[in-house]
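Below, read A as the first sequence line, B as the second, and so on, with proteins coming before strands; counting in each chain starts at 1.
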Amino acid sequence: MKLTLKIWRQAGASDKGALKTYELDGVSQDMSFLEMLDLLNEQLLHNNEEPVAFDSDCREGICGMCSLMINGEAHGPEVTTTCQLHMRSFKDGDTITIEPWRASSFPIVKDLIVDRSAFDRIIQNGGYISAGTGSAPEANSVPAPRDKAMRAFNTATCIGCGACVAACPNGSASLFLGAKITHLGELPQGQPERYSRVQSMVGQHDAEGFGGCTNIGECASACPKEIPLDVISQLNKDLRKSMILG
Amino acid sequence: MAAGTHYLPGLTPTNEASVQKSDDAAGYYVLGDKLVDAKAPTGPIAERWTTRKFENRLVNPANRRKLDVIIVGTGLAGGAAAATLGEAGYNVKSFCYQDSPRRAHSIAAQGGINASKNYKGDGDSDYRLFYDTVKGGDYRSRESNVYRLAEVSTNIIDQCVAQGVPFAREYGGLLDNRSFGGVQVSRTFYARGQTGQQLLLGAYQAMERQVAAGTVEQFTRHEMLDVIIVDEKARGIVARNMVTGEIETHLADAVVLATGGYGNVFYLSTNAMGSNVMAAWRAHRKGAYMANPCYTQIHPTCIPVTGAHQSKLTLMSESLRNDGRIWVPKNAEDCTKDPRDIPEEDRDYFLERIYPAFGNLVPRDIASRSAKYMCDEGRGVGPEVDETQPDGSVKKFRRGVYLDLGAAIERLGKDKIEEKYDNLLDMYERITGENPYEVPMRIYPAVHYVMGGLWVDYELQTSITGLFCTGEANFSDHGANRLGASALMQGLADGYFVLPNTITDYLADGPFEKVDESHPAVVEALDGVKSRVEKLMNINGERSVESIHKELGQIMWEYCGMDRREEGLKTAIGLIRDLKKEFWTNVKVLGSADSLNQDLEKANRVADFIELGELMCIDALNRRESCGGHFRGESQTEEGEALRHDEEFAYVAAWEFGGEDGAPVLHKEDLIYTAIEMKQRSYK
């Protein structure tokens, strides 16, 4: 296949970026989207032009490192991560626009790479269960009801890629937040810190400059792990209750 | 466990030290002194770790905050260690090359984690898990380390559950288990097909909690380029800030490497793109021994390569072999046909034909090699891929065999298969564009895990004082082959329980003399790294880093892959030496060193992969036996099974760096068993 690529190039955080156009030939349908970019980079290197910087690591759809807005959609047209998107989703002659995640809380580092460390800081503010190593009780001494454990699992699958933020017109990270709140809040081990956790995490979310949720739902449709939108209801419910509890 | 195996307390040796007679690698190495693990415990095997924990000196809480520990890597081993040491009150500096510790490649592990909880009452015990692991590793691991691993396995599950790791549960709310990797008990805990990710998130969250508490300082997008040694002790690292390009020095009282495996030496593997050997290799060049580097686990059921563009490979759970029949066309001319148009009589179910007793369930190494042989013969299926031959010519191969679920779908129904394999088959369809319910799947072996790594003693300390190594990056627990669901177990055992106990004994020597940035050893290490980076930036050659890495991968896979032979290994060593020259004279790195530069990162890593590749070939050449994931063509039974030679090779091969142009020095550590008797593995 032959493609026209419009790619956001930006040398560094303080530089002004712009879309640049490249022609790429010899793309196979079997390539993943990132392998297509690898091919482009080999071509650029050959022409003494600096390769396009983009993030990827596991390339198995699980580490959450890859990002990319592809034709305006987070991770592109399929419900998956960019590394698992394949070129058979495109046609010969297509023009593809590739940009970094768009959100002020994810500043651009270079080209298509953004800084998602705000997510780490949200987790630092309560996104855990305080359990000291070496002193844990026997695992089966606290049974967890199967349905709750299932729901905990289904929300723990969040890979922290940031697609929800990039897709949200408000730049909100409520789906990310709701997933962690639900995961820990559904388990018996997570109860003691349940209400302090939600306040602290939401506080950090707002401090990082993520926007508020207005229930648009773009986040859940862009989520490669299909985290359900109702984790945001859970988040709001826990937040309200935490305020009543003071 | 084999019937009739009896418990040995661990007080009497059951074997004698081996004596090597063959010397295939003569001329490629220098024989050094025998190596003895001076920290190895003695006494009854079940009491060794408890005794050691009691004997280890402690550091009082007020003194802990005066001690600094650097931990490189944030996977299960590194993340868990950072969380635990931080919580104990030490100052921890944690480094990872990713943008967040949560992305370490431990996330990708699918199957599960073993623990001898015996929840099923099916006769499991620490001793049985220990026994299975030593036997599975073909008696090439250290028994004291493995017993300790089995012993702490149960604590890991308790710890993770307390952290909120969502393991699979039964209706009553108790933890569920499954059986895995051919063992006869149900001891594997799992979180659907994402056990690694869930365990890693537990460790990551615990670590982030310590970041908030101020005990752990986190350095993301940082890569270690050298270890700083002062007065023969590891006292820090040189790291590159991958965003600003700044080369920084970080000093501490002890350094821990938890940097994972080096499977990417083969270019294509199931490892993450960024997984590299640099930290371990830099330490090796500074005096840390590299043990059993040639032990590579090759997994038979991965999605095959589709073309030269391929950047990495994806594993398909081996459980598919329970229901899939593996075949290739009998006639090479049928290889391009739609498999559904090939009648039964023209299909060669080669595993069922050659190994009638085990059929499609033969062990990993046999299944892998058989698939390779079929494709070498020209009966592989799937897309044709160019392969460069040693003489530079290019030959075309189809690298794939069918894994056919057709018969199972007919027998059990599509719904049952769907329920059993669920997202696995979706993943396959996403990557290949083929529906596995309609068209037989295609699979091929791929590099998955390495059992070799930095040599460590019982305390997980390398041959450099104050430098520790944990998880896949060390060599100690899996011998020549790793059993399913035991990688996660080792990572967390080392990180949560073993290292935090053993490093304390070392830190009890503190306070250590303060070292500052102006110390000659620090300046020297910093300058060394800077000039290396400058050198890479100034070669200005023609070849991309990527193309050289691919070439190295082809050499390694062809000659040091599934079937290694003397002649091939010697050829490979020559080719790698030439490639090293090519790299240092003809590589091209664009951009600048003082900003984010992914090509420079790769160049730094590939330079080390080339040197490691040569050592792997020398190690493989020396070991003229087949064991676990190491198959020497010259050493096999009539049935094509791996043939071990305990009388010659029951030792750990620990290699010392022999200087820039010198030969590596081989130190042998004898493997003496006291709690287990060596037996030939048999699949009869």
Report which part of [X] has an atom under 4.5 Å of a heavy atom belonging to chain A: side chain, backbone, both, or neither.
X: B:Ser100; answer: both
X: B:Tyr171; answer: both
X: B:Leu313; answer: backbone
X: B:Leu201; answer: side chain
X: B:Glu542; answer: neither

Can you tell which part of [X] gets under 4.5 Å to a heavy atom of chain B, answering side chain, backbone, both or neither?
X: A:Ser28; answer: side chain
X: A:Ile62; answer: both
X: A:Glu186; answer: neither
X: A:His46; answer: backbone
X: A:Asp30; answer: both
X: A:Ser141; answer: neither
X: A:Leu187; answer: side chain
X: A:Val52; answer: backbone

4.5 Å side-chain heavy-atom contact, [X] and [Y]:
X: A:Asp55; Y: B:Arg221; answer: yes
X: A:Asp57; Y: B:His105; answer: no
X: B:Gln598; Y: A:Ile113; answer: yes
X: B:Ser311; Y: A:Leu34; answer: no
X: A:Met65; Y: B:Gln98; answer: yes
X: A:Tyr128; Y: B:Gln163; answer: no
X: B:Gln205; Y: A:Lys180; answer: yes
X: A:Arg59; Y: B:Met273; answer: yes

Can you name the nearest heavy-atom pair linking [X] to [Y], along with the distance?
X: A:Ala156; Y: B:Pro166; answer: CB-CG, 3.9 Å
X: A:Ala139; Y: B:Tyr119; answer: CB-OH, 3.7 Å
X: B:Tyr204; Y: A:Phe119; answer: OH-O, 4.3 Å
X: A:Pro143; Y: B:Gly172; answer: CB-O, 3.9 Å
X: B:Tyr496; Y: A:Thr133; answer: O-CG2, 3.5 Å
X: A:Thr157; Y: B:Gln194; answer: CG2-OE1, 3.4 Å

Could you tell me which of [options] has the largest number of non-hydrogen atom pairs under 4.5 Å with chain A?
options: B:Arg430, B:Gln198, B:Gln210, B:Lys312; result: B:Arg430
options: B:Gln159, B:Arg209, B:Arg102; result: B:Arg209
options: B:Asp99, B:Leu590, B:Ile431, B:Val243; result: B:Ile431
options: B:Thr432, B:Asp599, B:Leu200; result: B:Thr432

Item to check | Donor-acceptor side-chain pairing of B:Ser544 and A:Glu42 below 3.5 angstrom | outcome: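 Yes, a side-chain donor-acceptor pair sits under 3.5 Å.
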Checklist entry - Do A:Asn48 and B:Lys588 have side-chain atoms, one donor and one acceptor, less than 3.5 Å apart? => result yes
Item to check | Interatomic spacing from CD in A:Glu35 to OG1 in B:Thr306 - rounded to 0.5 Å | outcome: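 Nearest 0.5 Å value for the CD-OG1 distance: 6.5 Å.
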Checklist entry - If you measure from CD on B:Glu170 to CG on A:Asn140, what distance do you get to the nearest 0.5 Å? => result 8.0 Å
Out of [options], return the one with the most heavy atom pairs under 4.5 angstrom to chain B.
options: A:Cys63, A:Gly12, A:Gly190; result: A:Cys63
options: A:Leu85, A:Val109, A:Asp115, A:Thr80; result: A:Thr80
options: A:Ala53, A:Ser135, A:Ala152; result: A:Ala53
options: A:Glu78, A:Met31, A:Met36; result: A:Met31
options: A:Gly64, A:Pro188, A:Ser117; result: A:Gly64
options: A:Arg88, A:Lys110, A:Met150; result: A:Arg88

Item to check | Sidechain N-carboxylate O distance under 4.0 Å for B:Lys117, A:Glu138 | outcome: yes
Next on the checklist: Heavy-atom count check: over 12 atoms from other residues, nucleotides or ligands less than 6.0 Å from A:Lys2 NZ?
Outcome noted: no
So, [X] side chain and [Y] main chain: donor-acceptor pair closer than 3.5 Å or not?
X: A:Arg146; Y: B:Arg169; answer: yes
X: B:His309; Y: A:Ser32; answer: no
X: B:Asn155; Y: A:Gly134; answer: no
X: B:Arg103; Y: A:Ile159; answer: yes
X: B:Asp158; Y: A:Ala136; answer: no

